[in-house]
Asks: 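Sharing a structure below in structure tokens format, with a few things to ask.
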Number of protein chains: 2
Amino acid sequence: MLQNSETHTKCEQCIIRQFNSLKSLTKSELIRISGCKTSKIIKKGEPLFQEGEHINGIFCIKDGLCKVSKMSDNGRDQIIHLIRKGDIIGERSLINDEVSNLKAVAVNDMEVCFIPKEEIIKDLQNNSNFSMDMLKKMASSLKNADNVIVDMAQKTVKQRLADTLIFLDSEFEKNEDGSIGILLTREDISNIIGTATESAIRLLSDFKKKKLINLKGKQIFVLNIPGLQQISQGF
Amino acid sequence: MLQNSETHTKCEQCIIRQFNSLKSLTKSELIRISGCKTSKIIKKGEPLFQEGEHINGIFCIKDGLCKVSKMSDNGRDQIIHLIRKGDIIGERSLINDEVSNLKAVAVNDMEVCFIPKEEIIKDLQNNSNFSMDMLKKMASSLKNADNVIVDMAQKTVKQRLADTLIFLDSEFEKNEDGSIGILLTREDISNIIGTATESAIRLLSDFKKKKLINLKGKQIFVLNIPGLQQISQGF
DNA sequence: AACGAAAACTGATAAATATCATGTTTATTA
DNA sequence: TAATAAACATGATATTTATCAGTTTTCGTT
């Protein structure tokens, strides 16, 4: 199994933490954390954790991307988040003692560090910079969740697809050819917008016909962002 | 304007705080907070705050109920929360400096206390019991938001109406006659489940025909919870 | 390169939901 | 209490979306 030198960077030397709440930890806290963290390679398609699992710690994503989803009563998986390099996931396990309500599956090969709950929870209580930063992140997630709820409740599937394409195009690095730098299946896309796979496929073809996007296999090229924004707003 | 003695209870003597994060404040913190809080009566239909407003503090709800909503791009209001006696709203204004993305309107007459941001933010930084409690509350809200997103994305309007009726029946005190103790218009209900008012009305009639509920004007009587749960799960 | 499986796609149809029109009941207030 | 507005209700219809069935394409494996 691939475990290159990068995988074993010490936390206090790791630049990834600059992108998340761990940047608020002191040097000595980081050194302690570093001593108990474990590194993992998660291959494309493998789970980082499952619904119903006790996580008991946080994952810091060093590289790669995963889809975070929840199974609905109707038996369909709904993707709620896309988590990538620099992100932390599992914070909620520090705070409540419940099992995870979400599943996380790697979209491409991932490199993650795991920090056990009992090591980092002290820092949450003692380092107010750290806890304030965590509060900030959660407040921002809550605001975002509000927006998603409104969009899911009020927008049509077509509007939500437009939103998703704009989001993917703006939030993720593009490939050299200009296509969206994250390869999702049509099923993934339909599980993000909350619709049947066939409906997502049909609408993608429709958008292509209208020159809003171009499709080459799984590669998606966003051609006309203002046009997609129009659709997103109901025109 | 009604301002009875209850309205002027000092925070350190106020039993309402037992129901929210303010219970984690020390006696001296509470006395200081009490000195700068203001009390307000909000009449039914009046706004507690508007979308786009700077809140700059938190509201502690002493009595009454309000609907918290956000306007969608399609021009329809989506109700995201129902906030009631004992709840706190506005925490996010302590943490980020943005204007509110939500609107709150009283469903019945309310009595609320307002605590300005600059007074309580220190306590968030210095009292780790308080900040941990806030983190717990936010974590729990995030988990709940996940569930709402999945339901909005995957469930039919009928399923969501069943969910909403179960929620209202279980979470709010009932009237003596057994009806749901919170009077919402049909439009409010449709703005909770995210559908056209006519659709909500039709489905309510349908549920009544099937003896799942009874309707007497705005009064709703939930008769068959297992039946509603069946519908919620797609049967 | 050949195979099999998964993914992508298309058409036909059914089901769910929104919209528009209109009448009735209930609430508000002059 | 009469007038008026708001909320509630129902029918007809259009639109959106899901489902089912089948074909083609892509991809990973041997």
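All of these numbers come straight from a predicted model, not from anything done at the bench.
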Asks: Output the rounded distance in Å from CD (A:Gln219) to C1' (D:dC27).
Replies: 14 Å
Asks: With respect to the phosphate group of C:dT19, does any side-chain polar atom (N or O) of B:Arg76 fall under 4.0 Å of OP1 or OP2?
Replies: yes
Asks: Just the rounded figure in Å: distance from P of C:dA15 to CG of B:Asp206.
Replies: 15 Å
Asks: Using atom CD of B:Glu187 as one end and atom C1' of D:dC8 as the other, report the distance to the nearest whole Å.
Replies: 11 Å
Asks: Which comes earlier along DNA chain C counting from the 5' end, the contact point of A:Ala153 or that of A:Gly217, where each point is its nearest nucleotide?
Replies: A:Gly217
Asks: Quick check: on DNA chain C, is the nucleotide nearest B:Lys44 upstream (toward 5') of the one nearest B:Leu203, or the reverse? Name the residue that is more 5'.
Replies: B:Leu203
Asks: Hydrogens and angles aside, do A:Gln78 and A:Asn191 bring a side-chain donor and acceptor to less than 3.5 Å of each other?
Replies: no
Asks: Is a donor-acceptor pair below 3.5 Å formed from side chain A:Arg202 to base D:dT19, judging by atom type as modelled?
Replies: yes
Asks: Taking atom C1' of C:dA16 as reference, at what distance in whole Å does atom CD1 of B:Ile201 sit?
Replies: 17 Å
Asks: Any donor-acceptor pair, under 3.5 Å, between the side chain of B:Glu198 and the base of C:dC20, if you only look at N and O atoms?
Replies: yes
Asks: Without decimals, in angstroms, what is the distance between B:Gln154 CD and D:dA18 C1'?
Replies: 12 Å
Asks: Do other residues, nucleotides or ligands put more than 12 heavy atoms under 6.0 Å from the CD atom of A:Glu173?
Replies: no
Asks: Backbone N or O of A:Met71 within a donor-acceptor pair of the A:Glu51 side chain at under 3.5 Å?
Replies: yes
Asks: Are the charged groups of A:Asp206 and A:Lys210 less than 4.0 angstrom apart, N to O?
Replies: yes
Asks: In terms of side-chain heavy atoms of B:Ser199, which of D:dA9, D:dA18, C:dA18 is nearest?
Replies: C:dA18
Asks: Hunt down any stem DNA chain D takes part in, defined as 3 or more consecutive Watson-Crick or G-U pairs whose two distances are each under 3.5 Å.
Replies: C:1-30 with D:1-30
Asks: Describe the nucleic acid contact of A:Ser205 in one word from base, sugar-phosphate, nothing, applying a heavy-atom distance below 4.0 Å.
Replies: sugar-phosphate
Asks: For B:Arg186 and A:Arg160, take the nucleotide of DNA chain D holding the closest heavy atom to each; which residue's nucleotide lies nearer the 5' end?
Replies: B:Arg186
Asks: If we ignore hydrogens and angles and just use 3.5 Å, is the side chain of A:Lys40 paired with the main-chain N or O of A:Phe114 as donor and acceptor?
Replies: no
Asks: Should B:Lys70 and B:Ile80 be marked as a side chain to side chain contact (heavy atoms under 4.5 Å, CB included) after you check the CA-CA gap, both sets of side-chain angles, and the distance that decides it?
Replies: CA-CA 7 Å; B:Lys70 179 170 156 55; B:Ile80 300 179; 4.0 Å; yes
Asks: D:dA18 C1' sits how many Å from B:Lys155 NZ, rounded?
Replies: 18 Å
Asks: Rounded to the nearest Å, what distance is computed from the NZ atom of residue B:Lys218 to the C1' atom of nucleotide C:dT25?
Replies: 11 Å
Asks: Does a nitrogen or oxygen in the side chain of B:Thr195 sit under 4.0 Å from OP1 or OP2 of C:dA18?
Replies: yes
Asks: Can B:Asp146 and A:Arg92 be counted as an ion pair, charged N to O under 4.0 angstrom?
Replies: yes
Asks: Just the rounded figure in Å: distance from P of D:dA18 to CG of A:Leu161.
Replies: 12 Å
